[in-house]
Structures are given as C-alpha cells and as structure tokens.
Amino acid sequence: MCRVNKLNRHKIILISAELFLACMLFVDSFLRDIVSKSFLTGIVGVVFAVLYVYLGIVPENRRYLSDAMYTITIIGTVYYIAIYLLGLLTGFYLNSNNLSLGGIFSNILGAALYIIVMELFRYLVVTNCKKDKAVMILLIVVLTLCDVSDNIYSSDFTNISSMINLIGFYVVPSAVKNVALTYVAVKVSYKPAIFYRFIFELPVYFVPIIPNVGEYLQTIFNIVVPVIFFYYFYLSYRHDTVKFYNRKLKIALTILKYIIALLMVFFVALISGFFKYHLVVVGSGSMTPTIEKGDGIIVKKLSKEEIKKLQVGQILVFKNSGLILVHRITKLTENEKGELCFRTKGDFNDSEDVFITHVDDVVGITDFKIPKIGLPTVWLKEQANF
C-alpha cells in the first residue's frame, strides 16, 4: 500500500472532506427530488475508498472495545426504559414508517449501510489525523451537516425563528453526538460508534409506537445521552483496566437493580391504569379480526372534553354491567336529556349492541394492540371459571 508523508496526508484528507461536504450540500440543495439516500451513501463510500487506498487505516485498539460496547448497552437500556415510561405521561404516537416486513428490512438496510460507511469514514480520518485539530474540527462539522441535511433542506433561511430551531433542535445535539463518537473512534475504533448509532437511530424504523415527549424534551435527551457516554468513557479510559472492570461490575449491579425496579413500576402502572395509557387484555373474539382473543390493547384514557370529540369508526373501550368491553362506534346519538351517547358493535358481530353507551361509561379508545400477549391470562381465567 502506498504511503505518503504526514503533510500530504493532511492535505488529502482536508481537500477530500471539503469536497465531500460541498457534494453533500449540493445534492441536498439542488438534487433532493432525483437522488436517494443510497446515492448519498455511495458518495461517502467512494470518498472512503479513495482515502483508504492513499492513506490506509490504523488497526483498532481492542483494549477498551468491550468497555465501550458495555457502556453503550447500559446507557441505551436505561434511555429507552426512561423515555417509554415518560411516554405513559406524555402519550405515544404511531410510527409513520412502513412497518411491513419488507418495509422494515428496506429502511433498516439503507440506514445501517449509511451509518457504517459514515463511521468508517470517520475512523479513517481520525486514525490518520487525530493530532491535527483543524482536520478533526472539520470532520465534526462535515458529519454534523450530514446528520442535519434533511432539516437544512426544509428550513427557511429567511426566518430567524426557523434558523434558531434548526440550530437548537438539530445542529447542537448532532454536534455533541459527533464529538463523543469522534473521541471514541480516536481511543478505540469505529465499532462502538456504529453500535451506538444502531442503538439510538435504527429502532425508529421498526418500533410500532414512539413516545410523544415533544421536541424540547427530546432535544435534551439527544444532548445529555452522548454527554454521559463521553464522560463515562473518558473516565474509564483514564483508569487501569483491572480497576475499571471491578468498578464496572459494581456499577452494573446497581444499574440492574434500578432497571428491575423501573420495569416493575412500569408493568404495575401499565396494568393498573394509573397513567393515561394502560394495558387491557381482550377476553372475547367479538372484534375479530381487528382484535383477537388474547390480544393486549393499549387504552388511552379520555377526558370528558375528549370523549365529546369521538367519531364513528373509532374503537371504544367502555364499561357495561361491570365488564370492560371493546367495540367500534357505529353511531353518535343522544339520550332523552340531550346527552351524548354511543351505539357500538363488535367487528365480528352481525348486529349492533342492544345497549347504549353513555359518556360516564367510556374508559377510552384504542388503536394499538400487542398480539397474543394476554393468552396466558385468558387461559387461566377460563380454567378458573371451568
């Protein structure tokens, strides 16, 4: 492999990074309607291949690889538990991505390839120029702009508010993340960076519901999480490996206790209906095939004002004769006092329910199910009533 002197290597990387940035911005600004993400991934791949041929790549430092992977796993686990528990208070929204098997595979494959190529590019640069601050800063700028290219494309540069939102919600969190991942790439390799991005960027392509925590709170998470990762790994890197492993074991046990406690609180709250969303197991087949016997449904509680906005076709969860029923609204009507009432019907049933459901009987609505999760509960109940 042909090697060049240090000065020329720096110049090659600087020029390539600048051309890479210019190309990405050009594509995003002028060709967004005719190029795809795979084309952009190809551009990065070509730049990486050219740099690899001219510069080569330094072997990874395996000493702290497992430490980095371990840290990412713990932080990722705690993050998702925290954010989904928070979702019980703030609500959830359905994932708008294509959740068919083919759609999930296509989305994840494209995103994963993009992440891998970007992180290989990062690692190649840092292994050749980690002592050159100018190159490192330019690298972080390039990768940050690549992260937020979609947001740059949709922003109004003549509007100050739009620019502030772009910087605060997207540029700053991305820059913080890229600083942390660049530090890890310098100290270890590209693998922790890829793993980190897989953990935090790929689930959006296959999870059915996403916590609706809002832009402000999500931005805080997007800044705090990489800062914690950076700080924890920075401290661990400064200590001897043996001492770190001993401390790591203690930290793992402590975190595990908190995770178990959070999970217990989560499931108790989900079943008890303490929060806005709770789990209900369907014990009959009256809503087949939409909701089948043994499915668990996530019920969203409604206020009196929200109940008044219900529409025909929504799936209603309500009380009748001491039971919780799940049927679809077929008609909005009024009782003799002029109060709102609902006619309902199970999708599997031939006729409407003989009773009328009043506002006070409404528990909530549902549009999300967890297939067959409640079958053990239904079976035990049937055995007890046998």
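Predicted model, so just to flag it, every value in this text is computed and none were measured.
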Requested in this report: Please say whether more than 12 non-hydrogen atoms of neighbouring residues, nucleotides or ligands are located less than 6.0 Å from CZ in Phe200.
Outcome: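 More than 12 heavy atoms, drawn from other residues, nucleotides or ligands, come within 6.0 Å of this atom.
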
Determine whether a donor-acceptor pair (N or O, by modelled atom type, separation under 3.5 Å) exists between the side chain of [X] and the backbone of [Y].
X: Thr333; Y: Cys341; answer: no
X: Asn349; Y: Lys345; answer: no
X: Asn95; Y: Ile210; answer: no
X: Tyr196; Y: Lys177; answer: no

**Report entry** Distance in Å, Ile209 CD1 paired with Tyr84 OH, rounded so as to fall on 0.5 Å steps
**Finding:**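 Atom-to-atom, Ile209:CD1 and Tyr84:OH are 6.0 Å apart.
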
Query raised in the report: At what distance, to the nearest 0.5 angstrom, does CG of Leu325 lie from CE of Met287?
Result: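 That separation rounds to 11.5 Å.
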
Quick one: do [X] and [Y] end up in the same hydrophobic cluster if we chain Ile, Leu, Val, Met, Phe, Trp and Tyr together by side-chain heavy atoms under 4.5 Å apart?
X: Ile140; Y: Leu181; result: no
X: Ile307; Y: Ile356; result: no
X: Val179; Y: Ile220; result: no
X: Ile116; Y: Val126; result: yes
X: Phe355; Y: Leu332; result: yes

Query - Lys/Arg-Asp/Glu bridge criterion (N-O < 4.0 Å) met for Glu306, Lys309 - result: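 Between Lys309 and Glu306 there is no salt bridge, as every charged N stays at least 4.0 Å from the carboxylate O atoms.
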
Measure across [X] and [Y] and return the closest heavy-atom pair with its distance rounded to 0.1 Å.
X: Pro173; Y: Thr219; result: CG-CG2, 3.7 Å
X: Pro192; Y: Val184; result: CB-CG1, 3.5 Å
X: Ile329; Y: Val312; result: O-CG1, 3.5 Å

Query raised in the report: Parallel under 30°, tilted from 30 to 60°, perpendicular over 60°: which one fits the rings of Tyr79 and Phe221?
Result: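 Tyr79 and Phe221: perpendicular rings.
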
**Report entry** pair Tyr190-Thr127: side-chain heavy atoms closer than 4.5 Å
**Finding:**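 No; the side chains remain at least 4.5 Å from each other.
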
Query raised in the report: Just one of Val281, Val317, Leu279, Ile365 clears the side chain to side chain contact (heavy atoms under 4.5 Å, CB included) bar with Ile297, so which one?
Result: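 Per the side chain to side chain contact (heavy atoms under 4.5 Å, CB included) rule, the option paired with Ile297 is Val317, out of Val281, Val317, Leu279, Ile365.
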
Requested in this report: With His327 as reference, evaluate Asp353, Asp347, Asn320 under the side chain to side chain donor-acceptor pair (under 3.5 Å) test and give the passing residue.
Outcome: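 Filter result, single survivor: Asp353.
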
